[in-house]
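The structure appears below as structure tokens.
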Protein chains: 2
Amino acid sequence: MVASLLPIDQILLGDCLTMLAQLPAQSVDLIFADPPYNLQLRNELRRPDQTLVDGVDDAWDKFGDIQAYDAFTRAWLSECRRVLKASGTIWVIGSYHNIFRVGAIMMDLGFWILNDVIWHKTNPMPNFRGTRFQNATETLIWAKTSADQQTYTFNYHAMKHLNDDKQMQNVWRIPICTGAERIKVNGQKAHSTQKPEALLYRVILASSQPGDVVLDPFFGSGTTGAVAKKLGRHFIGIEQDPAYVAIARERIAAIPAPASAALLMTPSRREAPRVAFGELVAAGYVQVGERLYSRDRAVVAEVKADGHVVWNGVSGSIHAIAARAQGKPAYNGWEYWYVEDDAGRLASIDELRERYRAERLG
Amino acid sequence: MVASLLPIDQILLGDCLTMLAQLPAQSVDLIFADPPYNLQLRNELRRPDQTLVDGVDDAWDKFGDIQAYDAFTRAWLSECRRVLKASGTIWVIGSYHNIFRVGAIMMDLGFWILNDVIWHKTNPMPNFRGTRFQNATETLIWAKTSADQQTYTFNYHAMKHLNDDKQMQNVWRIPICTGAERIKVNGQKAHSTQKPEALLYRVILASSQPGDVVLDPFFGSGTTGAVAKKLGRHFIGIEQDPAYVAIARERIAAIPAPASAALLMTPSRREAPRVAFGELVAAGYVQVGERLYSRDRAVVAEVKADGHVVWNGVSGSIHAIAARAQGKPAYNGWEYWYVEDDAGRLASIDELRERYRAERLG
DNA sequence: CCAGATTTTGAATCTGCGG
DNA sequence: CCCGCAGATTCAAAATCTG
């Protein structure tokens, strides 16, 4: 739920640390942070045809020394940890110039890393000098607030669906932000490190629910806000440059209202209403005395009135008996047992449960 | 050149720090280090079929606390920096459990990072619990001894040739070590974390010359020595476990005199980029809530944010719903569904995929 | 002996709720 | 806090088995 005092769907103009300090503790569900990378470019870089590469030389990426960068990193990450709900998670993106320092500081502050996710760019800039491997990646760290944190949002099945129904890996092949998506002002890049919406799409879809509040303390051109709005999430942005704020406001305002909530959700099997096997018996979906079969019919059990089953004289839950019949320490009985229909075919009791849920539990 | 007092092509049995201290300063050309990752596994892990995962529970991966791990890391990296020639470079491999600490300490000691290289495993272990993204990577840091170091070995063209004559990226798709290459003792893994030779092949071929000395302070089963010998380099291994030393000695002794490098090369596999329908949604080629039509418009489905579609209240992949709508066991959804363009004409989603591939995947 | 089916396995910080 | 238990959860490649 949204706390009433939160500056929902707003961009706060000001210094990152100052503005973070004004947010209440444990108030946001998700944080995405794209901090300065502290690039240390020594000279201008030219392509083989001698044209100049337009690199990052913004004032916001200049720090006195590495200690100053560490201190700044520790400060904003500490504030983020305070502001994050107990159930929340944080994403931080960086490159090899800064991500190791960021990751070590996150661990020192108590964050517990869930994954390092590799953004593998499909169209990275070449290494013009032939002096190193082509740098085609940036790294995202996804973490919860502590090792002991019990629950956090991970829309496992949404990610699996996005990936052709196979478990999604921690390597994401996504193009850099170019073309119509890249915001330009007078023909120039409006922001030197604008992130692609496809990247935020995965971050937000994976680790938040519709209606959640997503905080981005380095809002820049507003990609986080734009995708949050498209996916029916609220956002809070912090940005110190008025020009970026103006660009982001205009960008987000132009986005139409999100699609219907149902299309934004991927229900988790874990959150489906729990059904005890005994409920199926009580409701007549399974009869007392009816036989349950393993898939190959080698194991046969009998249903008791209390929802337990009897096999070889042993009584127990569908799970306990399925485990015992296979000599395993545990087993999900819903996937093990079948009943015989009128035509003599086997039907899974998991399908019966699905039918019960649809017909009786809405 | 090889210093005469160096213990060339030998495995030194003993503690890593003690043995490193005995090596002369600026004496080796390349270091590859695979230190303990300090995994902190809390419970046993079982696969969905209840079989037990044989995890890493070796004594050598146990540290008192994170400070002890940092101190150890700083100590062996300092020694490595002393032992490395002014023209040498170092590789360190790790996972998200330790690589951020290792990277930060390397920077603190004065190492200058050249690349972070992602080992993208082609056959990683799944996340059996569905609680995170499948962890399919390990990270290598490649660094020179200081920012001011002028020269170092990088066989740019050898890498380019390995990669179908295109500049090699910092993402390497290599299988984990299995099959005949995986050393077994009494049918059990001889070492719990044996690295594939293909990985060391790239490391050594990229950053050393034939005749150079490659040092590995955590020698383990001796993959570094085996590949160094095959590629005509000298090695020095340090290993504290006599059992591992025996295994590595036998392994390396069985390797014949170096063959021509060309015979050892792993041909790079070119894979046609697989595109999930969800990618088109994430990239805005199809909108959330947009309608998909069968060719005759008799079947209409709606697009969800996760790339599944909804038809008659049933949700599933484009393939599953296309099959279901036709009463078939399976169907290729790419050939079944169409979207309506601005002029009201139907356009195949397969054409959209083609356009996406051309525009986004190069 | 071969093709196809089945089983095995891997550096993993891997559950949640109620009593 | 601990304990018990329902029940959700896997992919690619190699090895082994079967017909």
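Just so it is clear, the structure is predicted and the values come from calculations on it, not from any experiment. Just so it is clear: chains get the letters A, B, ... in the order the sequence lines come, proteins before strands, and each one is counted from 1.
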Taking only the side-chain heavy atoms of [X] (C-beta and beyond), determine which of [options] contains the nearest atom.
{"X": "B/L45", "options": "D/dT10, C/dC14, D/dA13", "answer": "C/dC14"}
{"X": "B/T193", "options": "D/dT10, C/dA11, C/dA12", "answer": "C/dA11"}
{"X": "B/R182", "options": "C/dA12, C/dA11, C/dC14", "answer": "C/dA11"}

Heavy atoms under 4.0 Å, any strand shown: does [X] hit a base, just sugar-phosphate, or nothing?
{"X": "B/D58", "answer": "nothing"}
{"X": "A/L114", "answer": "nothing"}
{"X": "B/E138", "answer": "base"}
{"X": "B/P35", "answer": "base"}

Under-3.5 Å N/O pairs linking protein and nucleotides 5-8 of chain D:
| residue | atom | partner | partner atom | Å |
| --- | --- | --- | --- | --- |
| D/dA6 | OP2 | A/S317 | OG | 3.4 |
| D/dG7 | OP1 | A/V275 | O | 3.2 |
| D/dG7 | OP2 | A/H319 | NE2 | 2.6 |
| D/dG7 | OP2 | A/W334 | NE1 | 3.1 |
| D/dA8 | OP2 | A/R353 | NH2 | 2.8 |
| D/dA8 | N7 | A/N332 | ND2 | 3.4 |

Can you tell me the distance, in whole Å, between the [atom1] atom of [X] and the [atom2] atom of [N]?
{"X": "A/K160", "N": "D/dT10", "atom1": "NZ", "atom2": "P", "result": "4 Å"}
{"X": "B/F133", "N": "C/dA12", "atom1": "CZ", "atom2": "P", "result": "18 Å"}
{"X": "B/L41", "N": "C/dA12", "atom1": "CG", "atom2": "P", "result": "8 Å"}
{"X": "A/D116", "N": "C/dA12", "atom1": "CG", "atom2": "P", "result": "13 Å"}
{"X": "A/D148", "N": "D/dC2", "atom1": "CG", "atom2": "P", "result": "11 Å"}
{"X": "B/H120", "N": "C/dG10", "atom1": "NE2", "atom2": "C1'", "result": "15 Å"}
{"X": "A/M159", "N": "D/dT10", "atom1": "CE", "atom2": "P", "result": "15 Å"}
{"X": "B/N43", "N": "C/dT15", "atom1": "CG", "atom2": "C1'", "result": "10 Å"}

What class does the angle between the rings of [X] and [Y] fall in, given that below 30° is parallel, 30 to 60° is tilted and above 60° is perpendicular?
{"X": "B/F277", "Y": "B/W334", "value": "perpendicular"}
{"X": "A/Y331", "Y": "A/Y336", "value": "perpendicular"}
{"X": "B/H308", "Y": "A/H161", "value": "parallel"}
{"X": "B/W60", "Y": "B/H191", "value": "parallel"}

(Q) Can you work out whether B/K121 or B/N127 has the more 5'-proximal nearest nucleotide on DNA chain C? (A)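 So the residue in question is B/K121.
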(Q) On DNA chain C, compare the nucleotides closest to B/G130 and B/D54; which residue's is nearer the 5' end? (A)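 Comparing both residues, the 5'-ward one is B/D54.
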Q: Go through the steps for B/R46 and B/E44 under the test salt bridge (Lys or Arg N to Asp or Glu O under 4.0 Å), then give the verdict.
A: CA-CA 7 Å; B/R46 288 178 182 274; B/E44 66 176 23; 3.1 Å; yes
Q. Can you find a donor-acceptor pair, distance only, under 3.5 Å between B/K195 side chain and C/dA11 base?
A.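 Per atom types, the contact qualifies.
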Does the distance from a Lys or Arg side-chain N to an Asp or Glu carboxylate O, for [X] and [Y], drop under 4.0 Å?
{"X": "A/D29", "Y": "A/K85", "result": "yes"}
{"X": "B/R101", "Y": "A/D108", "result": "yes"}
{"X": "B/E138", "Y": "B/K121", "result": "yes"}
{"X": "B/E197", "Y": "B/R251", "result": "yes"}

Q. What pairs with B/A104 under side chain to side chain contact (heavy atoms under 4.5 Å, CB included), at least two apart in sequence or on another chain?
A.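 Listed in chain order: A/A104.
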Q. Which dot-bracket string fits DNA chain C when only Watson-Crick or G-U wobble pairs with both atom distances under 3.5 Å count, crossing pairs get [ ], and | stands for a partner on a different strand?
A. .|||||||||....|||||
